[in-house]
There are 2 protein chains.
Amino acid sequence: MKDCIFCKIAKKEIPSDIVFENKNLMAILDIMPVNPGHTLVITKKHYKTMIDVPDKLLSEMILVSKKVGKAVMKGLKVKGFNLGVNNGTVAGQKIDHVHFHIITRLAKDGLKLWPQRQGYRATEAEKIIKKIKKVL
Amino acid sequence: MKDCIFCKIAKKEIPSDIVFENKNLMAILDIMPVNPGHTLVITKKHYKTMIDVPDKLLSEMILVSKKVGKAVMKGLKVKGFNLGVNNGTVAGQKIDHVHFHIITRLAKDGLKLWPQRQGYRATEAEKIIKKIKKVL
């Protein structure tokens, strides 16, 4: 897609720090990492969110993320990582080309994911399940 | 695994709010949601992180997450969601049984993911890539 930075990276029109590449996917270093080694797995073709990615390719994305996640842990000697996919502007998606974040985590990096969590009131959960199941 | 809450939920020894279920996986409401509709996709068998899940089952997990994510958006009329997988204690994993978070997002929920991001210095990125590629 014209003017999409990840499409340009996939076509090598813009340079990037490539960690892994195959026919359909690329893994590149995020240029603004949460921690060193923060890697993105992107599709070469343009899709907006993971909902738009065909099933076969989406499966490949998670398997490449597993492979890269494992290598990042081993190569950088870190003990864990977050996989994160932001789907939609409301979810913090900044570039409208699907990308899987592999975020290396360090013992004292101070990152607090999702601080605001609270339980459901009375029959709220029941009502929510009904709404989801109706369209599943 | 004995004393694992998600194993007990998978075996229906502990009740849960089930959104979806098939032979290998379950999707349940998180009891401490970031936002209403926050759903977890769990394996019925016990695996610690996504690195430990066999490829075929991991593919199924991401496809079920896509299906559930789509239904959550449609059913609850939300415009996006975060997929999140915390792999390892250092990454904030609280229950040592792999689970994919599907976090519904609302326009003014105030959630700020990964606020502390900064660029690489000089040749830092190059060194990191070498370390990862060596074990990939």
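No experiment lies behind these values; they were computed from the predicted model shown. Lettering follows sequence order; numbering is per chain, from 1.
The most heavy-atom pairs under 4.5 Å with chain B, out of A:R117, A:R105, A:K70, come from A:R117. Of the listed residues (B:I62, B:I18, B:T39), the greatest number of heavy-atom pairs within a distance under 4.5 Å of chain A belongs to B:I62. Ranked by non-hydrogen atom pairs under 4.5 Å with chain A, the options B:I103, B:T89, B:D109, B:N35 are led by B:I103. Taking chain B as the reference chain and counting heavy-atom pairs below 4.5 Å, the highest number among A:A107, A:P36, A:P33, A:A27 is found for A:P33.
By the rule that hydrophobic residues join a cluster once side-chain heavy atoms approach within less than 4.5 Å of another member, A:V19 and A:I95 end up as members of separate clusters. Residues B:L25 and B:F100 are members of one and the same hydrophobic cluster, defined by side-chain heavy-atom contacts under 4.5 angstrom among Ile, Leu, Val, Met, Phe, Trp and Tyr. Linking ILVMFWY residues whenever their side-chain heavy atoms come closer than 4.5 Å, directly or via other members, places A:M61 and B:L57 in the same cluster. A:V53 and A:V68 fall within a single hydrophobic cluster, where Ile, Leu, Val, Met, Phe, Trp and Tyr are joined by side-chain heavy atoms under 4.5 Å apart, directly or via other members. No continuous path of hydrophobic side-chain contacts links B:M26 to A:L136 [ILVMFWY only; heavy atoms under 4.5 Å].
Within a 6.0 Å sphere centred on CD of A:Q116, other residues, nucleotides and ligands contribute more than 12 heavy atoms. For A:I14, the CD1 atom is densely surrounded, since the number of other residues' heavy atoms within 6.0 Å is greater than 12.
Interface with chain B: from residues 124-134 of chain A, residues A:E124, A:A125, A:I128, A:I129, A:K131, A:I132, A:K133 qualify, criterion being any non-hydrogen pair under 4.5 Å. Taking 4.5 Å as the heavy-atom cut-off, the residues of residues 72-88 of chain A that approach chain B are A:V72, A:K74, A:G75, A:L76, A:K79, A:G80, A:F81, A:N82, A:L83, A:G84, A:V85, A:N86, A:N87, A:G88, ordered by number. Within residues 40-51 of chain A, the residues that have a heavy atom under 4.5 Å from a heavy atom of chain B are A:M50, A:I51, listed by number.
In this structure, the portions of A:D30 lying under 4.5 Å from any heavy atom of chain B include both its backbone and its side chain. Residue B:T104 does not touch chain A at all, counting heavy-atom pairs closer than 4.5 Å. For chain B, the nearby part of A:L29 is the side chain; its heavy atoms alone come within less than 4.5 Å.
Using a 4.5 Å heavy-atom cutoff, the side chains of B:S59 and A:L58 are not in contact.
Listed here is the closest heavy atom pair of B:L113 and A:L113: CD2-CD2, 4.4 Å. Looking at every heavy atom in both residues, B:K66 comes nearest to A:D55 through NZ-OD1, 2.7 Å. Between A:A71 and B:V135, the closest heavy-atom pair is O-CG2, 3.3 Å. For the pair A:P115 and B:L111, the tightest heavy-atom approach, listed with the atom from each and the gap, is CD-CD1, 4.0 Å.
The ring-ring contact (aromatic ring centres under 6.0 Å, His included) contacts involving residues 105-126 of chain A comprise A:W114-B:H101, where partners must be two or more places apart or lie in separate chains.
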